[in-house]
Amino acid sequence: MLNIGLLGAGRIGNVHARAISAHSGSRLVAVSDVTAENANKLAAEFGAKTQSSDEIIADPTIDAVLIATSTDTHSDLMEAATAAGKAVLCEKPVDLSLERAQACQRAVAKTGMPVMIGFNRRFDPSFGALKAALDAGEIGKAELLSITSFDPAPPPVSYIKVSGGLFRDMMIHDFDMANFIMGDAPVSISAVGSSVVDAAIGAAGDVDTAVVTLSYADGRIAVIKNSRRAVYGYDQRVELLGSEGLLQAQNMLENTVVKSTSSGVTGAKPTYFFLERYMPAYIAEWSAFVEAVTTRSPMPVTLDDGVTALAMAEAATRSARTGAPVKLSEYC
Ligand SMILES: NC(=O)c1ccc[n+]([C@@H]2O[C@H](COP(=O)([O-])OP(=O)(O)OC[C@H]3O[C@@H](n4cnc5c(N)ncnc54)[C@H](O)[C@@H]3O)[C@@H](O)[C@H]2O)c1
């Protein structure tokens, strides 16, 4: 039984508290949040105690910490937790700054403690099945990957301002998904972005709509499309063309009813957002973390994976600004 401390009791902290408590191999013992009300509420719901992040990290009875705090605290907390001998699952992205993330990577490596980054989509049953089919050779050699990732509605501009921008905050999941499926990082990244959904997002210096092309050393190509607004719901699809066929992971729908009448054929919308779509993935992600810690196996998603995805986000941000392709080797 692993004793777990949860740092950060916001939106995603609530999701993780459920996964930790539901798992037979882990127990949520302490929760921290700089907003005491958030920590108290979540701790009370799960029968845990409320402590500061420092107290949780220093507590010798806690085996592992889950970092679900705001992005700008991730590197500091990861370094402190691993230095104190804790295994860590940290939410994406590793940091807002690639330099800071790389410094964290070096510091964590010195401790030898295991760290997993929360790229939960790798644990989505459909994306996992697509990857397994590719690895089993069912469509031959991968050639062209297409990832569609549209949110139902943009977040408030106050969030956009501290998010690090669409490429670091949102597309980072898709960069990692491309790395997961292709089994490799690209050599070159080209990005186009604009703010067609909300002019206020553009005024805040960010984009809300973007397309990125990833080019691989052996000629494979991946295309990622992001939008902060899809009026029909959370659109999360992956399509992979191989030398001997095509794999498609479709959206999860609110229900499976299809209505066919003389006026046409209609069906339900995709599930609303990430909490609805990815709950099974968050639970599977937590199980994979517990399994890796208890069996002392390698983490299924590493800090290196997190830093690579952040380097890709940095390259895409620059490419969107300059209009020129960027070589990933300039960043890592
Ligand atoms: N993997 C995913 O699908 C996913 C989804 C949402 C958010 N995230 C990531 O999770 C992180 C949190 O996002 P959120 O949407 O839950 O944000 P949020 O603002 O709802 O929650 C963050 C919480 O952390 C607390 N906090 C900040 N600094 C702290 C510190 N030093 N110690 C303790 N608590 C602290 C805040 O008070 C807040 O309650 C972000 O890095 C985000 O990118 C990942």
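Atoms within a ligand are numbered from 1 in the order they appear, just like the ligands themselves.
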> So, do L77 and S53 sit near enough that their side-chain heavy atoms are less than 4.5 Å apart?
Replying inline: yes
>> We want to know whether Y272 and E254 form a side-chain donor-acceptor pair, criterion being a heavy-atom distance below 3.5 angstrom.
In response: no
> What's the shortest distance from atom 26 (N) of ligand 1 to any protein heavy atom, and which residue and atom give it?
Replying inline: V34 CG2, 3.6 Å
>> Could you tell me, atom by atom, which parts of ligand 1 come under 4.0 Å of a heavy atom of S53?
In response: 32 (N), 33 (C)
> Among protein heavy atoms, which sits nearest to atom 22 (C) of ligand 1, and what does the distance come to when rounded to 0.1 Å?
Replying inline: A68 O, 3.8 Å
> What part of Y282 sits under 4.0 Å from ligand 1 if we count only heavy atoms: the side chain, the backbone, both or neither?
Replying inline: side chain
>> Any carboxylate oxygen within less than 4.0 angstrom of a Lys/Arg side-chain nitrogen, looking at E79 and R100?
In response: yes
> Using a heavy-atom cut-off of under 4.0 Å, does the side chain or the backbone of F274 touch ligand 1, or both, or neither?
Replying inline: side chain
> Would D305 and R122 pass as an ion pair if we require N to O under 4.0 Å?
Replying inline: yes
>> Which of the numbered atoms in ligand 1 are under 4.0 angstrom from any heavy atom belonging to P93?
In response: 43 (O)
>> Could you tell me, atom by atom, which parts of ligand 1 come under 4.0 Å of a heavy atom of G10?
In response: 16 (O), 20 (O), 21 (O), 23 (C), 39 (O)
> Are the charged groups of K269 and D235 less than 4.0 angstrom apart, N to O?
Replying inline: no
>> Show the atoms of ligand 1 that are less than 4.0 angstrom away from any heavy atom in H74.
In response: 41 (O)
> With a 4.0 Å cut-off, would you call D176 and R121 a salt bridge?
Replying inline: no
> With a cut-off of 4.0 Å, which atoms of ligand 1 are near a heavy atom of G118?
Replying inline: 1 (N)
> Can a protein heavy atom be found under 4.0 Å away from atom 17 (O) of ligand 1?
Replying inline: no
>> Is there a polar contact between ligand 1 and I12, counting only N or O atoms under 3.5 Å apart?
In response: yes
>> With a 4.5 Å cut-off on side-chain heavy-atom distances among I, L, V, M, F, W and Y, is there a chain of contacts connecting I12 to F119?
In response: no
> Which heavy atom of the protein is the closest neighbour of atom 19 (O) of ligand 1, given with residue, atom name and distance?
Replying inline: S70 OG, 4.9 Å
> So, are E330 and R318 salt-bridged, with charged N and O less than 4.0 Å apart?
Replying inline: yes
>> Salt bridge check, K225 against D174: does any charged N sit closer than 4.0 Å to a carboxylate O?
In response: no
> Starting from atom 8 (N) of ligand 1, which protein heavy atom do you reach first, and at what distance in Å?
Replying inline: E91 OE1, 3.9 Å
> Closest non-hydrogen protein atom to atom 41 (O) of ligand 1, residue and atom name please, with distance?
Replying inline: T71 OG1, 2.7 Å
> Counting from 1, what ligand 1 atoms have a heavy atom of N38 closer than 4.0 Å?
Replying inline: 39 (O)
> Can you hop from L303 to I67 via hydrophobic side chains spaced under 4.5 Å?
Replying inline: yes
> Which one of I20, I4, D63, N3 satisfies the side-chain contact (heavy atoms from CB on, under 4.5 Å) criterion with R27?
Replying inline: N3
> Which residue supplies the protein heavy atom nearest to atom 39 (O) of ligand 1, what is that atom called, and how far is it?
Replying inline: D33 OD2, 2.6 Å
> Which ligand 1 atoms does S32 reach within 4.0 Å, using its non-hydrogen atoms?
Replying inline: 33 (C)
> Is ligand 1 under 4.0 Å from a heavy atom in the side chain of H173, in the backbone, in both, or in neither?
Replying inline: side chain
> Can you tell me if S215 and S188 form a side-chain donor-acceptor pair at under 3.5 Å?
Replying inline: no
> For F119, is the nearest heavy atom under 4.0 Å from an atom of ligand 1?
Replying inline: no
>> With the threshold set at under 4.0 angstrom, would you say S52 reaches ligand 1 through any of its heavy atoms?
In response: no
> Is a salt bridge present between E45 and R18, judged by a nitrogen-to-oxygen distance below 4.0 Å?
Replying inline: yes
> Are the side chains of V212 and M171 in touch, meaning some heavy atoms are under 4.5 Å apart?
Replying inline: yes
> Can you tell me which residue and heavy atom of the protein come closest to atom 28 (N) of ligand 1, and the distance to 0.1 Å?
Replying inline: T73 CG2, 3.7 Å
> Looking only at protein heavy atoms, which one is nearest to atom 35 (C) of ligand 1, and how far off is it?
Replying inline: T69 CG2, 3.4 Å
> Taking distance alone, with no angle check, do Y159 and ligand 1 share an N/O pair under 3.5 Å?
Replying inline: no
> Among R121, H16, R11, which one has a heavy atom closest to atom 14 (P) of ligand 1?
Replying inline: R11
